[in-house]
*Asks:* 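Dropping a structure here in structure tokens format, bear with me for questions.
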Amino acid sequence: MSDEVRGIEELLKQAIAKGEFDDLPGKGKPLDLNAHFETPEHLRMGYSMLKGAQFVPEEVQILKDMAELREEIKSCREEERKRELVKALREKSLNYSLLMERAKRSR
């Protein structure tokens, strides 16, 4: 084992002893590596980097926004606000459709 690897292992042991990894998300839960291995090998590194940077593709963000708007519409009691939400949902839906159409054409 190289001195570099031993040095890294020592740093990790010290960090563990100090509890620096105790509040990481998912602590104590098994890793789900299915998505990782289902992703084509040549794309894994790029996807991993984007995920680590908490990058969300535009189309995914629009779908999340649309889901939130639908939930808000369900619980909304004010008619004026409900109309605003429905209009916003229509706009998001149109943006999503246009984005998907552009993606199809660029293939």
*Asks:* For E84 and K87, run side-chain contact (heavy atoms from CB on, under 4.5 Å): C-alpha distance rounded to whole Å, both residues' side-chain angles, the deciding distance at 0.1 Å, then the answer.
*Replies:* CA-CA 5 Å; E84 291 171 5; K87 181 181 176 188; 5.7 Å; no

*Asks:* Would you tell me whether E91 and N95 have side-chain atoms, one donor and one acceptor, within less than 3.5 Å of each other?
*Replies:*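 No, no side-chain donor-acceptor pair sits under 3.5 Å.
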
*Asks:* Using the rule given for side-chain contact (heavy atoms from CB on, under 4.5 Å), can you reason through F37 versus R44, listing the C-alpha separation, both sets of side-chain angles and the distance that settles it, and then say yes or no?
*Replies:* CA-CA 8 Å; F37 289 109; R44 287 181 196 159; 4.0 Å; yes

*Asks:* With a sphere of 6.0 Å drawn around CD of E101, does it hold more than 12 non-hydrogen atoms of other residues, nucleotides or ligands?
*Replies:* yes

*Asks:* Do M66 and L98 belong together in a cluster built from hydrophobic side chains that touch within less than 4.5 Å?
*Replies:* no

*Asks:* Decide, yes or no, whether a salt bridge links E72 with R81 under the criterion of side-chain N to carboxylate O below 4.0 Å.
*Replies:* yes

*Asks:* Does L50 belong to the same Ile/Leu/Val/Met/Phe/Trp/Tyr cluster as I62, with side-chain heavy atoms less than 4.5 Å apart forming each link?
*Replies:* no

*Asks:* State the CZ-OG distance between R90 and S93, to the nearest 0.5 angstrom.
*Replies:* 10.0 Å

*Asks:* If you round to the nearest 0.5 Å, how far is CZ of R102 from CE of M100?
*Replies:* 9.0 Å

*Asks:* Could you give the distance from CG (D65) to NZ (K92), rounded to the nearest 0.5 Å?
*Replies:* 4.0 Å

*Asks:* Honestly curious: do L24 and I8 fall in one hydrophobic cluster under the side-chain, below-4.5 Å linking rule?
*Replies:* yes

*Asks:* From R83 CZ over to E78 CD, what is the distance, rounded to the nearest 0.5 angstrom?
*Replies:*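 R83 atom CZ to E78 atom CD measures 11.0 Å (nearest 0.5 Å).
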
*Asks:* Hey, could you give me the OH/CD distance between Y96 and E58, rounded to the nearest 0.5 Å?
*Replies:*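 CD of E58 is found 11.0 Å from OH of Y96.
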
*Asks:* Does F55 share a hydrophobic cluster with L99, counting links as ILVMFWY side-chain heavy atoms below 4.5 Å and allowing steps through other members?
*Replies:* no

*Asks:* Between E9 and R6, does any NZ, NE, NH1 or NH2 come within less than 4.0 Å of an OD or OE carboxylate oxygen?
*Replies:* no

*Asks:* Is the number of heavy atoms from other residues, nucleotides or ligands within 6.0 Å of CD (Q14) greater than 12?
*Replies:* yes

*Asks:* Could you give the distance from CG (L11) to CD (E20), rounded to the nearest 0.5 Å?
*Replies:* 10.0 Å

*Asks:* Is the closest basic N to carboxylate O distance between K74 and E71 below 4.0 Å?
*Replies:* yes

